[in-house]
Structure formats: C-alpha cells, structure tokens
Amino acid sequence: MSPSVRFVTLGCARNDVDSEELAARLSRAGWVIVDDTDDADAVVVNTCGFVESAKRDSIDVLLEAHDTGRKVVAVGCLAERYGEQLARDLPEADAVLSFDDYGDIAGRLEQVLAGDTVQPHQPRDRRTLLPVTPVRRREALSGSGAVDVGIPGHAGGPQSVLRHRLAGGPVAPVKLASGCDRRCAFCAIPSFRGSFVSRQPDDVLADTEWLAAQGVREVVLVSENSTSYGKDLGDLRALEKLLPQLAAVPGISRVRVSYLQPAELRPSLVETLAGTEGVAAYFDLSFQHASADVLRRMRRFGDRERFLALLSSIRDIAPQAGCRSNVIVGFPGETRDDVDELTGFLEAARLDAIGVFGYSDEDGTEAAGLSGKVRRDVVARRLAAVTDLAEELTAQRAEDRIGEVVEVLVESLDPADGDVTGAEGRAEHQAPEVDGTTRLIAAKGVAVGDVVRARVVAADGVDLVAEPV
C-alpha cells in the first residue's frame, strides 16, 4: 500500500504554500495525502519560528503528534532555525529537516518510515548562500532549480506549478518571493529564510491560473517583503506589471497583496493597488512604530508625519481602501514619549486592523544586544494599553463604514430551513484570518465563491453586517 502523510501547518500563509508544495512532491512520489492523523503513517509539522509564543505552539503540536504513535517530522522555520538543537532537545520528533531537504522530501520520509536516522542539519545564516547583489543573485539561480539551494517556493523551471491543495475554499495564497534583504534589528527571519529572491512572473501567473481552475476566486500574494518584488529581476516595477495580468486570469475575482514596506511603497505601486480593477485596494503596511527615534533603533525608516502622508495619498485615490499594520511596544530604549507618539499616530491613522506585539529578545538579532531594555512588566502594561486602544480604534473604523457599499467574497453559508438566508465572507478591506469578516443577511441564493455587492448596516468590533443591494 502507498504510504500516507498528514500535514499540520503553523504560522503564516508562506508556510501554507510551502506545505502545499511539499504535499505535491510527495503526491508525485506516490504518497497519499490525508486529512486525519488516524489514516496517516507520518505527520509532517510545518513549524513557525517567528516569536517565542509561535515556537512554543510548534513544540506543543509536535508533542501532540508524537502522542498519536505516528512518525513525526518537523519542517519549516523552527526546524530550519534550530536544526541539531531542536533534534537534541525534542527526541519525540523522528526527524528535523532543513529547507535543503525539501527537494527530496519523499526520500527523507521514506527513511523515517524505515526507521533510519536522518541526521539533522547545522543551522547557518542563509543570507550567505547567495550573492549579495540582487541581480547577481538571480543570475546564480538561473537554470539551477532554486530549490537546490533550499529556497522554499521556488521550484525552478519556467511556468512551473508545484501545488497540492490542502485546504478548500475560494481563497488561496500564492508565493511572490522568498527571503528578505532588510536588516530590521528585531527580526531573525532573513537569517533562516535567506536573501530576497523573486519568483519569475510567469511562475506566479501559472500558479494563479492553476488555482483558478481549482475554484479559487481570490489569490493573496505573500512574501517577506512584497514591495521588493522584481529588484533581482532587473525591474523595480515588475509588480505593477504583474498585478493586472493576475487580475485578468479567468475565474479570479480579486488579487490581494500582503506585506508592504512603507519605505519602499513607491507612488506607482500605490496607484496600481488602489486603482486597478480586480486588485484589492488593500494596504498591509509594516509600520512597527511611529516614533522616529524608535524606528531608527529598529533600523527602519519613517515617522508619524510620513506615515500619515502615505495613508492620505492612498485614500486620495481610493477613499474606502483597507489599511492595516502591526506595531511593537517595549523596544529597547522606548520612552513614555515614544509610546505617546505611537498612540497619537494610531488615533490619526484610521486603520482597519492593528496587530500589537510586545517586544522580546530573539536569538541572533541586533536588538537582543541593545542596552536600554524595557522591564517586562512595563512592556506588559504598554502592550495591554495599546491593544485596548487598537481595539477601540478599529471598532470605530468599522462603524465608519456603515452605509458603504462593499463587495463581499462569500466563503461560507448559513442554511436555514433548507434555504440559504445568510452567508459570511470578506469585503475588499478584509484579508483572510487577520482583518475580520462581513456577514451577509437576507442573502438567499448566494453560493460560496460569489462576489456580492452589499451595503454595510452594522458593525461588531472589526466585523461588519451587510445587506445585498
């Protein structure tokens, strides 16, 4: 009988794509992909290594998988970041694999099922594996099949599609690029995800066409930094050229871009995102703070005034555009005045969604060695206060949308007495999982995947209630 495997994916949408690519490789090698652990010979846990809470979640899931009696394999960011240490400290995992193992994932799992030992890797700074200059980097990868140098999401070859959908529904992520060239003081991601590498536009287009044929209606372009797309292809406006092509794919109703760096958000990209039919006027802006002093210590750019000017330029083109961001409180050296600058910015910004994180040291980052650490109890107080403010502000922003006409992509139905009378989905300003939802009332006759024009009649926190028009 063919061996079977179940995937458990943690973390961000980039991991979702990686899991689907691994599933495709295994399926092509004769493995059966299953949804239930009871039916699986092995469980592959795609871990997250971003922050301490995500690491703990990954460890808990690995332990739970071990308790089922199945073979357990750790992949993903935590496995890549800690390698030998994770294998030593977590013997419950039968193997800890690197990104370099992805190209022969079937062979590795066959070793695990046979009871053979798969030697864990010694972690290394993946930024050192490719040339520093972006265009030289692309030249180095040209024709090599980038997966050979351990770049998740880069299968190599023209117009290659390497996907096996693990989740249904009308929405799916598409990998735009991998890695990051920025050197934010608090972030370890570039060290284990590597330098920034764009996927070829034809590959992104082929992926989108394949997903459309599977019933997907919205694609979400994901990467560590979407505003850098094309710099290693020799075309800084590659994303502006690609987006209209993706929006024109038959069956695709909406293209959404995530992970935008404010300092790199050029006017031409703002115009394309805000004014292209079929492209969501949605701006996932990585502000992180609003105090110029804190941002410089973070090795980032901008300040309150520049960020507000950017938001104003977006809304001049698309008044109903969705704007969200994440912020960090308690960064080393942060003062009470810095917090006031941040809260003042948030009050003026009118963001639809705000993620608030308390700073904690991350292994191998510059910030871990900075002086001026804020006491943990002070970080906790600031986190609670800014979180409360963010919830109040985003609820107010949702109420401001009452009376607007929005386009809702239906993702689930609410049947009553055999007839569909309600549905739930997301408006253009709401990304999957992070930005709230829109509930449609009196929506008889709609189906999952439909895009319904509706007027917002109420708000509940960041969630909206709307009636079809």
Side-chain angles (χ1 to χ4, degrees), residues 12-14 17 50 134 173-184 186-187 189-190 193 196-199 204 218-233 235-244 246-247 254-276 278-290 295 298-304 306-318 320-328 345-346 349-355 357 428-435:
C12 65
R14 298 182 290 271
V17 178
F50 180 41
V174 170
K175 186 76 70 67
L176 186 66
S178 291
C180 185
D181 286 344
R182 299 186 70 86
R183 296 294 181 266
C184 302
F186 54 82
C187 184
I189 289 176
R193 277 285 181 177
F196 185 89
V197 179
S198 302
R199 288 184 75 195
V204 179
E218 176 180 324
V219 293
V220 183
L221 303 184
V222 297
S223 71
E224 275 73 26
N225 177 11
S226 297
T227 39
S228 282
Y229 181 73
K231 70 177 187 180
D232 51 334
L233 304 178
D235 186 356
L236 282 175
R237 296 199 175 187
L239 187 55
E240 289 94 308
K241 297 173 183 176
L242 177 60
L243 286 171
L246 299 177
R254 182 185 290 163
V255 179
R256 185 183 303 275
V257 184
S258 57
Y259 307 110
L260 303 171
Q261 287 288 346
E264 297 179 19
L265 191 54
R266 50 201 174 272
S268 62
L269 183 53
V270 170
E271 292 171 2
T272 300
L273 290 168
T276 303
V279 175
Y282 176 79
F283 293 81
D284 178 12
L285 300 162
S286 177
F287 289 130
Q288 303 300 347
H289 212 283
L295 287 165
M298 289 179 168
R299 297 202 178 277
R300 295 180 65 85
F301 302 94
D303 53 39
R304 173 180 175 173
R306 291 180 185 179
F307 292 163
L308 290 176
L310 173 59
L311 291 168
S312 178
S313 70
I314 291 168
R315 289 165 176 151
D316 284 345
I317 302 171
Q320 292 184 212
C323 299
R324 78 168 328 271
S325 190
N326 295 321
V327 297
I328 298 172
F345 164 72
L346 294 177
R350 297 173 59 239
L351 298 172
D352 292 281
I354 305 168
F357 297 88
E428 190 172 336
H429 69 281
Q430 296 170 319
E433 300 182 5
V434 293
D435 293 340

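None of the values given here were measured: they were computed from a predicted structure. In this chain, residues are counted from 1 in sequence order. Basis for what follows: all heavy atoms, side chains included, without hydrogens, waters or symmetry-related copies.
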Heavy-atom pair of closest approach, residues [X] and [Y]:
{"X": "Cys12", "Y": "Tyr259", "value": "CB-OH, 3.9 Å"}
{"X": "Arg306", "Y": "Gly302", "value": "CD-CA, 4.1 Å"}
{"X": "Phe301", "Y": "Ala263", "value": "CB-CB, 4.1 Å"}
{"X": "Cys180", "Y": "Pro190", "value": "O-CB, 3.6 Å"}
{"X": "His429", "Y": "Arg256", "value": "C-NH1, 4.3 Å"}
{"X": "Gly230", "Y": "Ala238", "value": "CA-CB, 3.8 Å"}

Flag this pair as yes if the NZ/CZ of Arg315 is under 6.0 angstrom from the six-membered ring centre of Phe283 and inside a 45 degree cone about the axis; otherwise no.
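Not flagged: Arg315 not positioned over aromatic ring of Phe283.
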Do Ile314 and Leu285 touch side chain to side chain, with heavy atoms closer than 4.5 Å?
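Side chain of Ile314 against side chain of Leu285, heavy atoms only: contact under 4.5 Å found.
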Side chain proximity check, Thr276 to Leu243, heavy atoms < 4.5 angstrom
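No; the side chains remain at least 4.5 Å from each other.
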May I ask you to decide if [Y]'s main-chain N or O and [X]'s side chain share a donor-acceptor pair within less than 3.5 Å?
{"X": "Arg266", "Y": "Leu236", "value": "yes"}
{"X": "Arg199", "Y": "Lys175", "value": "yes"}
{"X": "Arg300", "Y": "Leu295", "value": "no"}
{"X": "Asp181", "Y": "Phe196", "value": "yes"}
{"X": "Asp232", "Y": "Ser198", "value": "yes"}
{"X": "Ser313", "Y": "Leu310", "value": "yes"}
{"X": "Ser178", "Y": "Val197", "value": "no"}
{"X": "Ser325", "Y": "Ile354", "value": "no"}

Checking side-chain contact (heavy atoms from CB on, under 4.5 Å) between Glu264 and each of Ser286, Ser226, Ser228, which is the one that passes?
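Among Ser286, Ser226, Ser228, the one that satisfies the side-chain contact (heavy atoms from CB on, under 4.5 Å) with Glu264 is Ser228.
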Dump the intermediate steps for side chain to side chain contact (heavy atoms under 4.5 Å, CB included) on Val220 and Val174, then the final yes or no.
CA-CA 6 Å; Val220 183; Val174 170; over 6 Å; no
Please tell me whether Phe345 and Phe287 form a close aromatic pair, meaning their ring centres lie under 6.0 Å apart.
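Yes, ring centres under 6.0 Å apart.
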Atom [atom1] of [X] and atom [atom2] of [Y]: how far apart are they, to the nearest 0.5 Å?
{"X": "Cys187", "Y": "Arg299", "atom1": "SG", "atom2": "CZ", "result": "14.0 Å"}
{"X": "Thr272", "Y": "Lys241", "atom1": "OG1", "atom2": "NZ", "result": "11.0 Å"}
{"X": "Leu221", "Y": "Tyr229", "atom1": "CG", "atom2": "OH", "result": "9.0 Å"}
{"X": "Asp352", "Y": "Glu428", "atom1": "CG", "atom2": "CD", "result": "11.0 Å"}
{"X": "Asp435", "Y": "Tyr282", "atom1": "CG", "atom2": "OH", "result": "3.5 Å"}
{"X": "Asn225", "Y": "Thr227", "atom1": "CG", "atom2": "OG1", "result": "3.5 Å"}

Does Asp284 form a side chain to side chain contact (heavy atoms under 4.5 Å, CB included) with Val257? I'd like the steps, not just the answer.
CA-CA 8 Å; Asp284 178 12; Val257 184; over 6 Å; no
Going by distance alone, is a donor N or O of one side chain under 3.5 Å from an acceptor N or O of the other, for Ser268 and Glu240?
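Distance-only check passes for Ser268 and Glu240.
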Partner residues of Asn326 under the side chain to side chain donor-acceptor pair (under 3.5 Å) criterion, sequence neighbours left out:
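Here the qualifying residues are Arg324.
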Under a 4.0 Å threshold between the charged nitrogen and the carboxylate oxygen, would Arg182 count as salt-bridged to Glu224?
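Here Glu224 does not pair with Arg182 in a salt bridge, since their nearest N and O are not under 4.0 Å apart.
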Where do Ile328 and Gln288 land on the side chain to side chain contact (heavy atoms under 4.5 Å, CB included) test, with the steps shown first?
CA-CA 5 Å; Ile328 298 172; Gln288 303 300 347; 3.5 Å; yes
